[in-house]
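Please read the structure below before turning to the comments.
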Amino acid sequence: MLGRIWQGRRIPLAWLLLTRQPVRLAVALAGIAFAGILMFMQLGFRDGLFDASVTIHRLFDTDLVLISPRSSSSVSMAGFPRRRLVQAMADPDVEGITPVHWNLLLWRNPDTKATRSILTLGFEPADPLFTDPSLAPKAKLLQDRGRVLFDELSRPEFGPVAEWFRGGRTVESEINGKKVRVAGLVGLGTSFGADGNLLTSQETYLQLLPNTPPGSIEVGLIRLRAGANADVVVERLKRDLPDDVNVLTKTGFIAFEQNYWRSSTSIGFIFTLGAAMGFVVGCVIVYQILYSDVSDHLPEYATLMAMGYRLPTLLGVVAREGMLLAVFGYLPAYAAGQGLYLLVRNATQLPVSMNLTRALTVFIMILVMCMGSATLAMRRLGDADPAEIF
Amino acid sequence: MAAMVRLEGLRHSFGSGVNRRQVLQDISLCVDAGEVVLLTGPSGCGKTTLLTLIGALRQVQEGSVHVFGEELNGASRAARLKLRRRIGMIIQGHNLLRCLTAEQNVQMGADLLQGLSYRARRDRSREWLRAVGLSDHLGKLPHDLSGGQKQRVSIARALAARPQLLLADEPTASLDSRTGREVVELLKGLAKDQGCGVLMVTHDPRILDVADRLVQMEDGQLSKGAFAIE
């Protein structure tokens, strides 16, 4: 079978048409690769943003989340009565709860003394907070007053806290003008909303923010019995609890945050538009290349038609040219995309990385771009009148 | 046996209205299998137009053109295309594919043959290139070939598709007398051995002797002087 196909093969006309003009081919590939890189970057930033906005959200050890209906995103969380969380305990499927305080506080860089807002979570050190089991022993350190756990993945603008701490120094600083001491390091990660993170006990938190209304929390974590259906419990809690609280699943909580960045800010639109521009630029380049290629070879195509080659055969040649351009333009774009993602990760600590979906999306975009241009360029083939070659 | 090509009352004109110009007027002509017919006449008298009509490259306007017994007047695009595969066309401007080597160009002709393996088609291409004396130039691009060599590649390409009818427009124009003679002998041999019909437009007085029949054309008409050589 394979032998038959091998023996049935024809002159690889598309390949030869492209490669016998190496300079033009190089220009075309550079153009396509550039468009691909543009799309990779813009889509990478966009997805990275959405991923980064929920770095913390993903870490919580929880099945359901209570938030205030007035909360719009992680950077503006409103409080709700802690009583609601306790009420939720009454549900037979609820196994455990963790009240969490959540706010952006001003942290003073211990080195430069400059202040910068940092996301601070206050919780009862004995309560489970994150799924990561390494947190529990460190949380014990928070039982002393004025102690915080510092996220070592925070941006460097917060000061060389991690280095100093590892070096054995006692690291002290101020939050909202009150002195705190770093009791340990955790690795959480930054997001678009928060450049750094702090964990502290509820007691310390209330000291740092003495104006917090008593009995008010920003986030309530609810853990369910094994085998309980989260969606059913959400419905039940929504029915049983008053309207001053919003019940979400963990996925819903993540979606709530992402949706804010996607729809309530211009960021998602800007990056999508950027990717679209890359696509259009690519289309123009490939169309130019294929169109001039077909125009240049028009007499030759006419000759082939005079010899008895059918139009679909010739269309196939142009289509294969488009296909080859897509594949060979994509490869360098992919490689450059990987490199640039690495660069962005190092520079911004944002979780921008190549994933299969994006790799495929960009490939399909490039393929559509090349095949679309090929189709447009093919219209020229209809002009190839075999009688003209005489 | 029916003639391979039979033209009856063929007329053709270009343009429309005031600019309308009659190129062919009432042409009637036959080419039989195995026959070599030479068509001569001053330039601009419509010889090439006649070839393109017989070669199914142009829509017939008026009159009747039978090729292999099929009427071309009113024939569909697909039917004309199918017919073209059986006709070898040697074009003055040779129109080789610039991106292909001499051998690959000829193989584009051989590739039209159905059911042959790649190797068989390639061998066939090489054979024809040898026949036109280009076996040393298989891997050269048209760019590196002289005008005469290109012309011969184009002849090999037409022959590699195993045509039953050969239409040639000035096949010896850019060849020296020796290679010109060789090529013409080759075409004549093809006609005699394989029963291929050959219709050749030429100005070259050196090759008139190969013709079975000589046809003169003037102002879109075949002149009365048309005669058989023998």
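Residue numbering restarts at 1 for every chain, and letters A, B, ... go by the order of the sequence lines.
Atom CZ in A:Arg320 sits 10.0 Å away from atom CE in A:Met371 (nearest 0.5 Å).
Listed by sequence position, B:Thr101, B:Gln104, B:Gln107, B:Met108 are the residues of residues 101-108 of chain B in contact with chain A, using a 4.5 angstrom heavy-atom cutoff. Taking non-hydrogen atoms and a 4.5 Å limit, the residue list of residues 10-41 of chain A in contact with chain B, ordered by number, reads A:Arg10, A:Ile11, A:Leu13, A:Leu16, A:Leu17, A:Arg20. Contacts between residues 118-129 of chain B and chain A, defined by a heavy-atom separation under 4.5 Å, are made by B:Tyr118, B:Arg119, B:Arg121.
By number of non-hydrogen pairs under 4.5 angstrom with chain A, the leading residue of B:Leu112, B:Ile87, B:Leu100 is B:Leu112. The residue among B:Arg77, B:Arg85, B:Arg86 with the most heavy atom pairs within less than 4.5 Å of chain A is B:Arg85.
Inspection of the B:Ser64 and B:Glu71 side chains reveals an N or O donor paired with an N or O acceptor under 3.5 Å. A donor-acceptor contact under 3.5 angstrom links the side chains of B:Thr40 and B:Gln216, judged on distance only. Judged purely by distance below 3.5 Å, without hydrogens or angles, the side chains of B:Thr52 and B:Arg58 pair a donor atom with an acceptor atom. A donor and an acceptor atom, one from each side chain of B:Asp204 and B:Thr172, are located under 3.5 Å apart. In this model, a donor atom of one side chain and an acceptor atom of the other lie less than 3.5 Å apart for A:Arg380 and A:Ser295.
A salt bridge (charged side-chain N to carboxylate O under 4.0 Å, His left out) check over residues 340-360 of chain A, counting only residues at least two apart or in different chains, returns the pairs A:Asp47-A:Arg358.
Residue B:Leu53: no heavy atom, backbone or side chain, is found under 4.5 Å from chain A. Residue contact with chain B, scored on non-hydrogen atoms closer than 4.5 Å, involves the backbone and the side chain of A:Tyr309 alike.
In terms of heavy atoms, B:Ser28 sits closest to B:Gly9 at OG-N, 3.2 Å. Residues B:Pro171 and B:Ile90 share a closest heavy-atom pair of CB-CG2, 4.3 Å.
With respect to A:Phe271, the ring-ring contact (aromatic ring centres under 6.0 Å, His included) criterion is satisfied by exactly one of A:Phe50, A:Trp261, A:Phe45: A:Phe45.
Salt-bridge annotation for B:Arg98 and A:Asp296: absent, with no side-chain N of the basic residue lying under 4.0 Å from a carboxylate O of the acidic one.
B:Leu39 has its side chain within reach of B:Met217: a pair of non-hydrogen atoms, C-beta onward, lies under 4.5 Å apart.
Ring geometry for A:Tyr291 against A:Tyr287 counts as tilted: the plane angle lies between 30° and 60°, on a 0 to 90° scale. Ring geometry for B:Phe14 against B:His12 counts as perpendicular: the plane angle is over 60°, on a 0 to 90° scale with 30° as the lower cut.
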From CA spacing to verdict: side-chain contact (heavy atoms from CB on, under 4.5 Å), B:Leu29, B:Arg6: CA-CA 6 Å; B:Leu29 176 72; B:Arg6 200 174 73 241; over 6 Å; no
